[in-house]
Engineer: 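One structure is given below, represented as structure tokens, and several questions about it will come after.
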Amino acid sequence: MDTSEKILTCRAAIAWAKNSPLSIEEVQVEPPKAGEVRIKLMSSGICGSDDHVLKGEFQMNFPLIPGHEGAGIVESIGDGVCSVKPGDKVLTLIIPQCRECSSCLHPKGNFCEKQDVLPCHGSMLDGTCRFTCKGEKIYHSFLVSTFTEYTVVPEIAVVKIDDAAPMDKVCLISCGVPTGYGAAVNSAKVTPGSTCVVFGLGGVGSAIVLGCKASGASRIIGVDINEEKFPRAKALGVTDCLNPQNFKKPIQEVVMEMTGIGVDFAFEAIGNPDAMISAWDSCHKSYGVCLIVGVAPLKSKLSLEATMIISGRTMKGVCLGDYKTRDCIPQIVTDYLQNKINIDPLITHQLPFDQLHEALKLYHAGKAIRCVLLF
Ligand code: PAD
Ligand code: ZN
């Protein structure tokens, strides 16, 4: 049956307010307007950024449908859409690529001006929403919203991937994998024989470890307050695991003592300003590079010892691994299919969408690296 121009009714998870439990409701999903794509989701990861959303740590409008790490199949397209067609396997993109703004036109920029993350208005690009529930308007998150059986996204926030992609897994290549792996291989350009420290060994931190290892780092120090993360981190390539709570002194001093001179590359993948300072202070004073990947709470500030900045260290923020998303993300899927990168160890759990609450429980208990929801 052709559903393309019809309103679809399906199940979706709604956050009615910040810090309130998600409820799975029947929602209406409008057809895509010009320049938009309606997608039948096959899987969605649960990313640390979704947790920030639910806690109200982003500036967002509620009620909303959370989730952004999605893989699905195009159900229908609006007028003018030419990069995807019904039936295509696609990934949703939290950072779009419009190919027209100053970021997209610059050879290095990837933080497209059409992004709806900082701040998040929660609508499509024309300012309207495609979801309703019980007659009430429901906002989108980050232009995508993936905790739903169907979603509508702008064409610039979706990309076609290889037909052979396993849809129960590749959702991680929508956000967590390129974010972490790209921070190491593309943004930091980790060098063979180098020493790295990764703060936070969740989904993103684990992907950073994958990238450091693939780049030939000889020592990878992993820092996390949840020691249950350590065995998996070691299996991925972490050589030394540190729990800051086991030390009386600041963890950066421990890293300095372990390395003698500080690390070549430090990554923060928690979203905690204190950990960002620890990452900065762990770097070699002259040539160390500190990459901030975690999203700190709204309006939080960093306080650095200003005098020491001149010694030469670099601090760099990195979004989605510095990849121009539509140009680069399909290649990571292909690399996965060709066994050049293995994302499987990051998927510790897979649960049907209706067990979302169980999945969130696993996330909050720190049991999962990534729990994938299956539709
Ligand atoms: P996650 O919850 O899977 O991992 C966070 C890890 O940090 C967990 O293992 C925690 O135990 C650990 N942790 C928490 N507090 C501390 C602490 N004080 N010291 C040491 N370890 C701690 O989340 P994730 O890996 O999905 O995301 C991590 C961050 O990356 C989060 O802030 C998210 O918003 C951000 C992110 N950034 C981008 C980007 O493009 N920059 C993309 C996706 C996610
Ligand atoms: Zn994410």
Side-chain angles (χ1 to χ4, degrees), residues 48 176-226 229-230 233-234 236-247 249-297 300-322:
V177 166
T179 294
Y181 190 78
V185 306
N186 191 43
S187 190
K189 296 194 169 47
V190 167
T191 45
S194 59
T195 299
C196 304
V197 60
V198 181
F199 287 80
L201 298 170
V204 171
S206 299
I208 293 172
V209 172
L210 279 182
C212 294
K213 178 87 181 157
S215 304
S218 58
R219 192 171 193 189
I220 306 170
I221 302 167
V223 180
D224 204 299
I225 50 173
N226 177 358
K229 302 280 166 101
F230 292 170
K234 284 195 168 151
L236 292 174
V238 167
T239 51
D240 314 72
C241 288
L242 300 176
N243 178 353
Q245 293 169 336
N246 292 344
F247 298 90
K249 57 182 125 184
I251 200 68
Q252 53 267 47
E253 288 180 22
V254 179
V255 174
M256 271 297 166
E257 282 165 16
M258 285 169 72
T259 56
I261 52 175
V263 300
D264 299 284
F265 302 98
F267 300 86
E268 200 278 355
I270 303 165
N272 178 319
D274 291 335
M276 292 174 185
I277 303 282
S278 300
W280 169 254
D281 285 339
S282 299
C283 288
H284 188 280
K285 284 193 173 49
S286 176
Y287 52 77
V289 181
C290 174
L291 289 110
I292 305 298
V293 183
V295 183
S300 55
K301 298 267 191 297
L302 272 187
S303 173
L304 299 174
E305 195 182 330
T307 327
M308 290 312 295
I309 290 175
I310 60 146
S311 67
R313 272 181 288 199
T314 305
M315 181 181 279
K316 188 186 180 312
V318 49
C319 191
L320 257 293
D322 271 344

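Quick note: residue numbers are just sequence positions, from 1. What you are looking at is a predicted structure, and each value in this text was computed from that prediction instead of being measured.
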Engineer: Write down the atom of Ser300, the atom of Pro297, and the distance for their closest heavy-atom approach.
Structural biologist: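 Taking Ser300 first and Pro297 second, the nearest heavy atoms are OG-O, 2.6 Å.
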Engineer: Check whether any side-chain heavy atom of Val197 sits under 4.5 Å from a side-chain heavy atom of Leu242, and report yes or no.
Structural biologist: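 SC-SC contact between Val197 and Leu242 ruled out.
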Engineer: Could you tell me the separation between the SG atom of Cys290 and the CZ atom of Phe265, rounded to the nearest 0.5 Å?
Structural biologist: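 It is 12.0 Å, given to the nearest 0.5 Å.
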Engineer: To the nearest 0.5 angstrom, please state how far the CD1 atom of Ile261 sits from the SG atom of Cys283.
Structural biologist: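 Spacing of CD1 (Ile261) from SG (Cys283) equals 11.5 Å.
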Engineer: Can you tell me how far CD1 of Ile208 sits from CG of Leu291, rounded to the nearest 0.5 angstrom?
Structural biologist: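 Taking CG in Leu291 and CD1 in Ile208, the distance rounds to 8.0 Å.
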Engineer: Can you pull the side chain to side chain donor-acceptor pair (under 3.5 Å) pairs that have at least one residue in residues 311-322, sequence neighbours excluded?
Structural biologist: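 Residue pairs with at least one partner in residues 311-322: Ser187-Asp322, Lys316-Asp322.
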Engineer: Considering non-hydrogen atoms only, spot the tightest contact between Ile220 and Val209 and give its length.
Structural biologist: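 That closest heavy-atom pairing would be CD1-O, 4.2 Å.
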Engineer: Test Leu236 against Lys213 for side chain to side chain contact (heavy atoms under 4.5 Å, CB included), laying out the working first.
Structural biologist: CA-CA 8 Å; Leu236 292 174; Lys213 178 87 181 157; over 6 Å; no
Engineer: To check you understand the geometry: which heavy-atom pair defines the closest contact between Val223 and Pro244, and what is its length?
Structural biologist: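 Heavy atoms only, the tightest pair is CG1-CG, 3.6 Å.
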Engineer: Rounded at 0.5 Å granularity, tell me how far OG1 in Thr179 sits from CG in Leu320.
Structural biologist: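 The distance works out to 4.0 Å.
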Engineer: Sequence neighbours left out, cut at 3.5 Å: what donor-acceptor pairs do the side chains of residues 273-281 make with other protein atoms?
Structural biologist:
residue: Ser278; atom: OG; partner: Gln252; partner atom: OE1; Å: 3.0
residue: Ser278; atom: OG; partner: Asp274; partner atom: O; Å: 3.1
residue: Asp281; atom: OD2; partner: Gln252; partner atom: NE2; Å: 3.4

Engineer: Show the nearest heavy-atom pair for residues Ser215 and Gly211, with the distance to one decimal.
Structural biologist: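 The pair with the smallest heavy-atom distance is OG-O, 2.8 Å.
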Engineer: To the nearest 0.5 Å, tell me how far Glu268 CD sits from Ser282 OG.
Structural biologist: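 Output value for this atom pair is 11.0 Å.
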Engineer: With rounding to the nearest 0.5 angstrom, report the CZ to CD1 distance, Phe199 to Ile251.
Structural biologist: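 Rounded to the nearest 0.5 Å, the CZ-CD1 separation comes out at 7.0 Å.
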Engineer: Using atom types as modelled and distance alone, determine if a side-chain donor or acceptor of Asp224 lies under 3.5 Å from a backbone N or O of Leu201.
Structural biologist: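 Such a contact is found between Asp224 side chain and Leu201 backbone.
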Engineer: What closest approach, in Å, do Thr195 and Asp264 show between heavy atoms, and which atom pair accounts for it?
Structural biologist: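 Smallest interatomic distance, heavy atoms only, reads N-OD2, 2.8 Å.
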Engineer: Looking at Glu257 and Gly260, would you say the former's side chain and the latter's main chain have a donor-acceptor pair under 3.5 Å?
Structural biologist: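 Looks like no, no N/O pair under 3.5 Å.
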Engineer: Heavy atoms only: give me the nearest Phe267-Ala183 pair and the separation to one decimal.
Structural biologist: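 Heavy atoms of Phe267 and Ala183 come nearest at CE2-O, 3.6 Å.
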